[in-house]
**Q** 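Once you've had a glance at the structure underneath, I'll fire off some questions.
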Amino acid sequence: MYGTGILKGLGVTLRHFFQTYADDLRWAGKGGRYYNDEAFAVRQSPEAQGVITVFYPEEKLAVPERFRFVPFLVTDDPPPGQRWGHDWCTSCGICAKVCPPQCIWIERGKLPNGRPKPEPVNFFIDIDICMNCGYCAEFCPFDAIKMDHDYELAGYDRSTAHIHDKARLSKPLSYWQEISPKRAAAEEFGRQMAESAKTKKKGPDEEAAPGMPNDVARQLPYRGAQY
Ligand code: SF4
Ligand code: SF4
């Protein structure tokens, strides 16, 4: 019948309207429906009742593991009293080469004898130009640059605040393991396998590690490699 769809839609709206008040009463004695982590988790689940508005920025939706925003640089976990550990980045420059909008600048270190040092003195990313494509992270052979989950980067200064330097970009490995546990574990497995293959120095026809063919192991990135 003509108009049935409209009535159904209005019925759904009305149901949500009353369910919101019912949910308010349900959470009344448990800290309230809003600004309450427990109630927020229920509101974002299939058990949600009524309006599920999020009061950003006090309440924030969790992002999925594969979410990607501007990149950050991975370092070892820092020793006590320090903010970062040893850089994983070897300043090879691959990320800067593959970056489509060319928004990465790397200042490579120098050894006392003048030869290049495999770590950056500084590293800049213009986050206004970065398009969050993730190529830098995909191509980095050392797992040293990763896509962050931090999307709250707005600021009032448009001259320099959006050019992130090495200090701003560096975050410890434990941060990456926290925001992306599955990928971090898979990468760690790959590194261990590659390290094992390297240490054993097996022949081309021998197996590099259980379950991993030699030719695959050779492709895996490993930390500490020199160029
Ligand atoms: S590709 Fe990786 S190791 Fe090379 S400069 Fe970029 S972040 Fe550093
Ligand atoms: S995410 Fe893409 S655009 Fe941003 S720095 Fe990496 S390669 Fe460049």
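Basis for what follows: all heavy atoms, side chains included, without hydrogens, waters or symmetry-related copies. Remember, predicted model here, so these are calculated numbers, not experimental data. Atoms within a ligand are numbered from 1 in the order they appear, just like the ligands themselves. This chain uses plain numbering: 1 for the first residue, then up along the sequence.
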**Q** Would you say Leu73 and Trp84 make side-chain contact, with heavy atoms under 4.5 Å?
**A**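 No, every pair of side-chain atoms sits at 4.5 Å or beyond.
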**Q** Show which atoms of ligand 1 fall inside a sub-4.0 Å distance from at least one heavy-atom site of Phe142.
**A**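 So the answer, numbered in order with elements, is 3 (S).
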**Q** Which of the atoms in ligand 1, numbered in the order shown and given with their element, are less than 4.0 Å from a heavy-atom of Thr90?
**A**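 Close to Thr90: 3 (S), 8 (Fe).
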**Q** Got the closest protein heavy atom to atom 6 (Fe) of ligand 2, with its distance?
**A**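 The closest heavy atom on the protein side is Cys136 SG, 2.4 Å.
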**Q** Using a strict 4.0 Å threshold on nitrogen-to-oxygen distance, state whether Asp23 and Arg26 make a salt bridge.
**A**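 A salt bridge is present here (some side-chain N lies under 4.0 Å from a carboxylate O).
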**Q** For the CZ atom of Arg183 and the CE atom of Met147, what is their distance to the nearest 0.5 Å?
**A**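 So the CZ of Arg183 and the CE of Met147 are separated by 10.0 Å.
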**Q** As a check for students: among Ala137, Gly93, Pro141, identify the option with a heavy atom nearest to atom 5 (S) of ligand 1.
**A**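 Looking at heavy atoms only, the winner is Gly93.
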**Q** Give the atom numbers and elements of ligand 1 that come within less than 4.0 Å of a heavy atom of Ile145.
**A**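 Per the distance check, 7 (S).
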**Q** Where is the nearest protein heavy atom to atom 2 (Fe) of ligand 1: which residue, which atom, and how far?
**A**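 Ranked first by proximity to atom 2 (Fe) of ligand 1 is Cys140 SG, 2.3 Å.
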**Q** Should the proximity of Met147 to ligand 2, defined as any heavy atom under 4.0 Å, be assigned to the side chain, the backbone, both, or neither?
**A**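 Contact part for Met147 vs ligand 2: side chain (C-beta onward).
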**Q** What atoms in ligand 2 come closer than 4.0 Å to a heavy atom of Met131?
**A**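 In order of numbering, the contacting atoms are 3 (S), 4 (Fe).
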**Q** Is Tyr56 close to Leu61 at the side-chain level, that is, under 4.5 Å between some pair of heavy atoms?
**A**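 No, side chains not in contact.
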**Q** Give me the residue, atom name and distance of the protein heavy atom closest to atom 4 (Fe) of ligand 1.
**A**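 Answer for atom 4 (Fe) of ligand 1: Cys92 SG, 2.2 Å.
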**Q** After noting the C-alpha distance and the side-chain angles of Lys166 and Asp87, does the key distance pass the salt bridge (charged side-chain N to carboxylate O under 4.0 Å, His left out) rule?
**A** CA-CA 10 Å; Lys166 188 174 159 217; Asp87 297 313; 3.0 Å; yes
**Q** How close do Ile52 and Arg43 get, heavy atom to heavy atom, and via which atoms?
**A**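 So the minimum-distance heavy-atom pair works out to CG2-O, 3.4 Å.
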**Q** Give the contacting part of Ile104 toward ligand 1: side chain, backbone, both or neither, where contact means a heavy-atom distance below 4.0 Å.
**A**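 Neither part.
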**Q** How does Cys103 reach ligand 2, if at all, at less than 4.0 Å between non-hydrogen atoms: by side chain, backbone, both, or neither?
**A**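 Side chain only.
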**Q** Taking 4.0 angstrom as the limit and counting only heavy atoms of Cys95, give me the atoms of ligand 1 inside it, by number and element.
**A**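 This gives 1 (S), 5 (S), 6 (Fe), 7 (S) as the contact atoms.
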**Q** Please identify which atoms of ligand 1 are closer than 4.0 Å to at least one heavy atom of Ile106.
**A**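 Numbered from 1, ligand 1 contributes 5 (S).
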**Q** Could Lys146 and Glu187 be called an ion pair, given the rule that one side-chain N must be under 4.0 Å from one carboxylate O?
**A**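 Salt bridge between Lys146 and Glu187, a charged N being under 4.0 Å from a carboxylate O: yes.
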**Q** Could you tell me which non-hydrogen atom of Lys171 sits nearest to which non-hydrogen atom of Asp148, and how far apart they are?
**A**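 Smallest heavy-atom distance, with atoms named: NZ-OD2, 2.6 Å.
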**Q** So if I count the atoms of ligand 2 from 1 in the order they appear, which ones are less than 4.0 Å from some heavy atom of Cys130?
**A**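 Answer, ordered by atom number: 1 (S), 3 (S), 4 (Fe), 5 (S).
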**Q** What part of Ala96 sits under 4.0 Å from ligand 1 if we count only heavy atoms: the side chain, the backbone, both or neither?
**A**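 The answer is neither.
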**Q** List ligand 2 atoms under 4.0 Å from Pro101, heavy atoms only on the residue side.
**A**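 Numbered from 1, ligand 2 contributes 3 (S).
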**Q** If the cut-off is 4.0 Å to any non-hydrogen atom of Gly134, which atoms of ligand 2 fall inside it?
**A**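 Selected atoms, number and element: 1 (S), 2 (Fe).
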**Q** Tell me which one of Asp126, Asp128, Ile163, Ile127 satisfies side-chain contact (heavy atoms from CB on, under 4.5 Å) with Cys103.
**A**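 For Cys103, the side-chain contact (heavy atoms from CB on, under 4.5 Å) test succeeds with only one of Asp126, Asp128, Ile163, Ile127, which is Asp126.
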**Q** If you define the side chain from C-beta out and look only at heavy atoms, does anything of Phe123 sit under 4.5 Å from Ile104?
**A**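 Heavy-atom side-chain distance check passes, below 4.5 Å.
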**Q** I'd like to know if atom 8 (Fe) of ligand 2 has an N/O/S atom from Cys99 within less than 2.8 Å of it, counting both backbone and side-chain atoms.
**A**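 An N, O or S atom of Cys99 is closer than 2.8 Å to atom 8 (Fe) of ligand 2, so yes.
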**Q** Taking the side chain as C-beta and beyond, is there a heavy-atom pair between Val51 and Tyr21 under 4.5 Å?
**A**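 Of all side-chain heavy-atom pairs linking Tyr21 with Val51, none is under 4.5 Å.
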**Q** Can you classify the ring geometry of Tyr34 versus Phe55 as parallel (below 30°), tilted (30 to 60°) or perpendicular (above 60°)?
**A**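 Because their plane-to-plane angle is over 60°, the rings of Tyr34 and Phe55 count as perpendicular.
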**Q** Heavy-atom distances under 4.0 Å decide this one: backbone, side chain, both or neither, for Val98 against ligand 2?
**A**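 Contact part for Val98 vs ligand 2: neither.
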**Q** Run the numbers for me: atoms of ligand 1, each under 4.0 Å from some heavy atom of Cys89, listed by number.
**A**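 Heavy-atom distances to Cys89 below 4.0 Å select 3 (S), 5 (S), 7 (S), 8 (Fe).
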